[in-house]
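Remarks on the structure that follows.
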Amino acid sequence: MKSDELLALFLRRGVLWPTAEIYGGAQGLYDYGPLGAALKRRIEDAWTSWFVGLSPDYYRIEPAELLPEAVVRASGHLENFTDPEIVCDACHTPFRAETVLEAVRPEGVDGLSVAQIAEIAHANHVKCPRCGSEALSVPAPFNMMFGVDFGVTGKERAYLRPETAQNSFLAFPRMWEVGRHALPLGVAVVGKAYRNEIAPRQVLFRLRAFTQAELQIFFDPEHFDRPIDPFRDVRLPVLRVERRERGEETPEFIRAEDLVASGGLPAFYVHHMVQFHRFFREVLAYPEESIRFFEKSEKERAFYNKIQFDAEVRLESFGGYKELGAVHYRGDYDLTRHAEGSGKDLAVTVGEGRSVLPHVLELTFGVDRNLWGLGDLHLRTEDARTVWHLPPFLAPVSVGVFPLIAKAHGAYAQRLADDLARAGLTVQYDAASSIGRRYARIDEAGTPYGVTVDAGTLDEGPEHDTVTVRERDSRSQARVPVGELVGRLAGALRLPRPPRI
RNA sequence: GCGGGCAUAGUGUAGUCUGGUUAUCACAUAGGCUUGCCAAGCCUAUAACUCGGGUUCAAAUCCCGGUGCCCGCACCA
């Protein structure tokens with residue numbers, strides 16, 4: 001679905017709206033309404049059920065969203081979060097310092113101060129790539145973290161976390177004990193992260209407050225290549241660097257085993273790519289042809305990542321592939337930095353007394369972006385009606401309950417709606433306007449089932465205490481005894497968990 | 001952040017160039033009548049010129065600024 005169309009629908013149905021709208025809004029901030037909040041919760045629960053379910057040694061924690069300054073200093077976010085820029089004073093165009101100085105300083109600008117970068121530019125008479133002016137200046141690097149006063153004196157600083165990953169690294173020593181000394185050890189966090197983005201845009205794609213679902217897996221690097229259970233014949237849509245360099249945009253389907261055997265990727269890494277792919281397919285129901293795992297080259301990926309595939313999905317709303325998640329091999333960068341920063345030894349002892357500083361595999365997933373993706377890919381207009389083909393277990397409301405004729409069947413239907421809600425279903429009762437309109441309303445909200453009470457339900461005939469269950473996608477109807485309703489629907493509404501490979 | 005464009009009921013829009021009646025239309029929403037299993041019909045109601053300043057007898061319309069949105073560049077998990 002097109003971006004404008006999707007946003008209009010989301011606004012109309014109360015999925016989301018701009019924060020502080022009556023004051024003109026605030027860039028990069030959106031609030032979720034009832035439908036959006038419920039859907040987002042379902043996505044988070046589905047993600048947790050799936051990824052934490054991958055192993056008994058994977059856990060979810062819920063840490064604080066504020067990080068003391070020492071943490072972000074050690075993690076590198078305080079200095080390194082943005083690359084230094086060079087701005088042309090003549091045409092006001094900003095460039096990455098590294099790019100502009102490439103000819104005169106091929107080794108890059110890491111570690112140089114603002115003054116040193118400016119000096120190099122002037123000494124070599126570097127010109128603006130766009131207008132040729134030599135009037136270049138180097139502004140102080142912009143840090144994308146939100147800093148806050150911490151404590152009553154205001155002398156201490158803390159920062160809203162720019163990513164949830166840091167919390168998992170900080171939790172490692174505790175989790176090593178709580179997890180009873182097991183590797184691999186997974187520590188998941190689902191929660192808000194905050195970045196003062198320069199140019200928030202595209203609704204949920206670059207927010208200043210956004211929700212990440214991340215799983216950091218600490219593992220023994222000696223086991224990275226250890227063969228794990230066979231991948232059977234799983235094929236992954238991957239676009240590797242060599243193929244990209246030939247100008248290809250589309251992925252090729254490569255057997256997981258081949259990615260390991262001839263593709264040079266560690267088995268443990270590929271195993272988690274397979275699980276990520278299955279989550280996209282089996283839980284979010286993204287079409288196979290929309291997904292690709294996009295390999296980042298050494299230049300493109302963050303410096304701490306040794307292997308990086310972005311999990312991308314092609315969205316009509318933004319006319320191309322968008323990053324909705326990623327699989328990062330971060331090596332021992334994080335634990336090394338935090339061991340140095342804190343002065344604590346973060347190595348652990350495994351097996352017969354071998355000391356190991358675990359490496360980290362990071363699975364990261366953008367909750368807001370995927371909520372948008374579920375709208376883009378599953379909302380379809382079909383002969384003048386709009387249907388949100390959400391997987392049933394993700395639907396904000398599971399069942400709509402309607403009286404065929406409000407006056408005649410309303411009391412029974414209202415009672416039935418209460419009973420279903422008490423049984424744990426999310427239910428919406430609606431008696432307004434015609435039955436067709438009510439079906440249309442729930443179709444648009446992604447509700448998979450409609451239950452209608454009619455004359456047969458109330459009559460002392462063969463249809464006594466039966467209702468019609470109408471299915472969103474097929475529009476088919478079946479007569480079901482009310483006592484069997486919960487049992488009938490429960491299966492489709494249960495969150496999927498990963499099968500053991 | 002730079003450049004360009006845009007901003008009218010809940011949603012989508014007409015009107016702006018060329019200032020001048022009660023601001024157009026559709027859908028949505030609420031109530032009534034009727035109907036009774038896929039957005040039916042009729043009647044009624046609710047509801048808007050992004051904010052601030054300026055020009056003018058008069059501003060949705062022209063000018064300036066703020067805010068927000070879109071596109072390109074730059075940046076980016």
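In the text below, chain A, chain B and the rest are named by the order of the sequence lines, each starting its count at 1.
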Taking atom [atom1] in both [N] and [M], compute the distance separating them and give it to the nearest angstrom.
| N | M | atom1 | value |
| --- | --- | --- | --- |
| B:G10 | B:C17 | P | 26 Å |
| B:U29 | B:G66 | P | 40 Å |
| B:U11 | B:G3 | C1' | 31 Å |
| B:C42 | B:A60 | C1' | 34 Å |
| B:U24 | B:U61 | C1' | 15 Å |
| B:U67 | B:C51 | P | 16 Å |
| B:A28 | B:A9 | C1' | 11 Å |
| B:C75 | B:C38 | C1' | 49 Å |

Using a 4.0 Å heavy-atom cut-off across all strands, classify [X] as base, sugar-phosphate, or nothing.
| X | result |
| --- | --- |
| A:Ala326 | nothing |
| A:Phe402 | nothing |
| A:Ser476 | nothing |
| A:Val451 | nothing |
| A:Gln27 | sugar-phosphate |

Distance (rounded to the nearest 0.5 Å) between A:Trp17 CH2 and A:Phe10 CZ: 13.0 Å

Could you check how far [atom1] of [X] sits from [atom2] of [N], rounded to whole Å?
| X | N | atom1 | atom2 | value |
| --- | --- | --- | --- | --- |
| A:Met145 | B:C75 | CE | P | 20 Å |
| A:Glu323 | B:C75 | CD | C1' | 14 Å |
| A:Gln202 | B:C73 | CD | P | 11 Å |
| A:Glu382 | B:C38 | CD | P | 17 Å |
| A:Glu21 | B:U67 | CD | C1' | 13 Å |
| A:Ile22 | B:U50 | CD1 | P | 17 Å |
| A:Phe10 | B:G12 | CZ | P | 14 Å |
| A:Glu444 | B:U11 | CD | P | 14 Å |

Would you say the side-chain atoms of A:Asp368 pair up with the backbone N or O of A:Thr211, donor to acceptor, closer than 3.5 Å? yes

Cation-aromatic face contact [X]/[Y], 6.0 Å, 45 degrees:
| X | Y | answer |
| --- | --- | --- |
| A:Arg157 | A:Tyr159 | yes |
| A:Arg330 | A:Tyr304 | yes |
| A:Arg470 | A:Tyr439 | yes |

Compare every heavy atom of A:Val467 with every heavy atom of A:Thr452, then report the nearest pair and how far apart it is.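 Heavy atoms only, the tightest pair is O-CB, 3.5 Å.
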
Which letter, B, S or -, goes with each nucleotide of nucleotides 29-37 of chain B from 5' to 3', with contact meaning a protein heavy atom under 4.0 Å? S------BB

Polar pair under 3.5 Å, donor/acceptor by atom type, side chain A:Arg195, base B:C76: no

Has the side chain of A:Glu197 got a donor or acceptor that lies under 3.5 Å from a partner of the other kind on the base of B:A77? yes

Sub-6.0 Å ring centroid separation between A:Phe51 and A:Tyr58: no

Which residue in the set A:Leu404, A:Leu416, A:Asp465, A:Ile405 passes side-chain contact (heavy atoms from CB on, under 4.5 Å) when paired with A:Val453?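 Exactly one pass, corresponding to A:Leu416.
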
Using the closest heavy atom to pick a nucleotide of RNA chain B for each, name whichever of A:Glu471 or A:Tyr304 lands nearer the 5' end.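 By nearest-heavy-atom nucleotide position, the 5'-most residue is A:Glu471.
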
Relative to the 5' end of RNA chain B, which residue comes earlier, A:Arg369 or A:Pro200, by the nucleotide with the nearest heavy atom? A:Pro200

The criterion is side-chain contact (heavy atoms from CB on, under 4.5 Å); which residues satisfy it with A:Val397, sequence neighbours excluded? A:Gln428, A:Thr447

Examine B:G10: is either OP1 or OP2 under 4.0 Å from a nitrogen or oxygen in the side chain of A:Arg12? Give yes or no. no

Using a 3.5 Å cut-off on both pairing distances, which stems of three or more Watson-Crick or G-U pairs include RNA chain B? B:1-7 with B:67-73, B:10-12 with B:25-27, B:29-33 with B:41-45, B:50-54 with B:62-66

With no hydrogens and no angle check, do the side chains of A:Asp376 and A:Tyr286 hold a donor and an acceptor under 3.5 Å apart? no

Among B:G1, B:C76, B:A39, which nucleotide sits nearest the side chain of A:Arg201? B:G1

Determine whether A:Tyr321 and A:Ser290 satisfy the following criterion, side chain to side chain donor-acceptor pair (under 3.5 Å), listing intermediate values before the conclusion. CA-CA 8 Å; A:Tyr321 286 97; A:Ser290 312; over 6 Å; no

